[in-house]
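Read through the structure below, which is laid out as structure tokens, and then see the notes.
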Amino acid sequence: MTATPRKLFLAFIVVLLAIGAVLPGYVSPYHTRVVMGFFMFAGLASAWNILGGFSGYWSFGHAAFFGMGAFGAAKISTALGAAAGSPAAMILPVAGATLIVAVFAALIAYPILRLRGIFFAIAMLGVSQVVTELVNNVSWIGGGVGVFMPSPVPAGTRPEVFYYYIFGALLLLIILVTYAIRRSKIGYGLLAIREDEDTAKMLGVPTEHYKIASFVLSGVLVGILGAVYGYSLGYMSTGSVLRLDIGLNMIVFCIIGGIGTIWGPVLGTAIMLFITQVLLSGFLDIHLMITGGIVVLMILLMPSGVLGFFNAKRWIRFRERAR
Amino acid sequence: MLFLQTLVNGLALGGLYALAAVGFSLVFGVLGIVNLTHGIFLVAGSYGALLLWEHLGIDPILSIPPVAIVLFGVGYVYQRTIIHWAVSRASLVASLVVTFGVAMIIRNLLQLWFGPDIRTITPSYSFSSVTFFDLRIDLVRLIALGMSLVVLLLLTALLRHTHFGRSIRATAQQPLAASLCGLDVERLYAKTFGLGAALAGASGAIIGIVQPFSPATEAGWTLNAFIVVVLGGIGSPAGALLGGVLLGLINTLTAQYIAPSMTNAAMFLVLVAMLLFRPHGLLGNAMGESR
């Protein structure tokens, strides 16, 4: 990439950031919520992408980390008896929930990452199923009846604006983390694992460590989003955070944007949410069909996602010019 | 006595699981595709039996052949078009996502057509039961178990003794060698997929009289099929029977002695443990590529 497109791209990002920073002042609360949802799902897809996109280990069970983050924060904030109305009260529960998710992910990482391909995918689905049933049925956790979270929104601030900025900041953080990983030694190691794990191992890439590190990091980022999402709901039961569709959406958004790229998950989320929430918000009863149809068409027409499709086109044009 | 009764219930449930999984197992073994549409084909079979029962008064057991034939056609065309395109243009893993997308579409269509409500088929013998000594079993469960065993035996005979069965097994072992010997592997793939769909439809018609169903139950059946295959091994009716019976026993024993709400968790714990400690299946014939 030459210097000019790069500068253009950076300028574009800066403009987007500026628009994002002032947007809630100009649009309706409903649209603020829609953009907030976009921030959250783009964050989830990007976090999933660190494991699924870079190392090729497609997890179908990341909803488990999301739910654990939410219920971990709820448990801790109840135990602390935090007062409502102060954003600082969020810090300790969210940090604690992050720690819980990190420990859990580290514990299951070694055994479960020995599985590959479809088997890893289904085993993770199993993990999320087990977590869901435990949260639902162990009365101490309280997923069955539901738990209340004290609202940390300071007086005088509209809640959707408050969470808009938190999810926006988290999305920014996750993109930066993704970017840093992609450019680091570990990122190249993960790509090597995706292309051919046995060869990578043979060439001296510490595959086991890299896989575990990206698994835990990916899970932790999802867990943080889950904890904040729990706060934004105020009241939640098992069904509101441990949803199968949350885990599947992460994958679908990545596929549509372009798996394993930095901006693909964000772009995919934007496209899908625009189609389903804005264009077709009036056709709720055929949402499933539309989502399924888009997924099938994408795989058949652009198997490497929108970004991969255009990158490939650019590459072909570049080669033709070089001739 | 309670323990024996639990075992009997588990065995009856296991027969159903085995039949529900055998088509999935066949497609997985021969084409290498994890067919996430399997569960929705099964539910479609249940709805097919429901239609025939409500409008024509045909007994669900007699509706097995027509339902199976229709689904064979659907499966055949589906493999020749969408599945084939996905595998040749993208990858085998992409077929996982494509079948998932198709499952969503069909599920939505079924919801629009029949509504999202839970349905049952209740022929005249629904509420009778049979008693041996002190063990009691519902007549429908007994019939379902019997029909499952009949279909599994027919399938075994088909795979063992017919030219079609032999070519399926040959293709499963070595697609390239099979095509060098003059088999049309592409057509065979489509026929195998059709057979898998037909088996799903047949089990759906049988399951319709035993258990309530709705479009949303499809995901559970697909996952059950996967667990059965992991437990019993890929591609053989005997393996499906073993896996199915084990799964049925795990299910009823957990429900009886731990908690009814923990059955899914127990099934998945067994699945993860199997993949980790005995990835080749209990019979030692499958899952070599799981790691």
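What's counted below: heavy atoms across the whole structure, side chains too, no hydrogens, waters or symmetry copies. Proteins get letters first, then strands, A, B, ... in listed order; numbering begins at 1 in each.
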For chain A, find its close neighbours in residues 212-225 of chain B: heavy-atom separation under 4.5 Å, sorted by number, or none. Leu223(B)
Using a heavy-atom cutoff of under 4.5 Å, enumerate the residues of residues 105-112 of chain B that contact chain A, numbered in order, or state 'none'. Ile105(B), Arg107(B), Asn108(B), Leu109(B), Gln111(B), Leu112(B)
With only heavy atoms counted, which part of Val130(A) is less than 4.5 Å from chain B, the side chain, the backbone, both or neither? both
Test Trp85(B) against every option in Leu300(A), Val296(A), Leu301(A) by the side-chain contact (heavy atoms from CB on, under 4.5 Å) rule and name the one that passes. Leu300(A)
Which residues in residues 196-212 of chain A have any heavy atom lying under 4.5 Å from a heavy atom of chain B? none
Pick whichever of Pro116(B), Ala103(B), Gly101(B), Ser88(B) has the most heavy-atom pairs under 4.5 Å with chain A. Gly101(B)
With a 4.5 Å heavy-atom cut-off, do Trp58(A) and Val97(B) have their side chains touching? yes
My understanding is that only residues two or more places apart in sequence, or in another chain, count here; which of them pass side-chain contact (heavy atoms from CB on, under 4.5 Å) with Ala172(B)? Val30(B)
Engaged part of Ile251(A) at the chain B interface, taking heavy atoms whose separation is under 4.5 Å: neither
Minimum-distance pair of heavy atoms, taken over all atoms of Ala86(B) and Ile299(A): CB-CG2, 4.4 Å
Taking atom CG of Leu248(A) and atom CZ of Phe100(B), what is their separation to the nearest 0.5 Å? 4.0 Å
Interchain contact, Leu113(A) with chain B, by part (heavy-atom threshold 4.5 Å): neither
Please check if atom CD1 in Ile118(B) has more than 12 non-hydrogen atoms from other residues, nucleotides or ligands closer than 6.0 Å. no
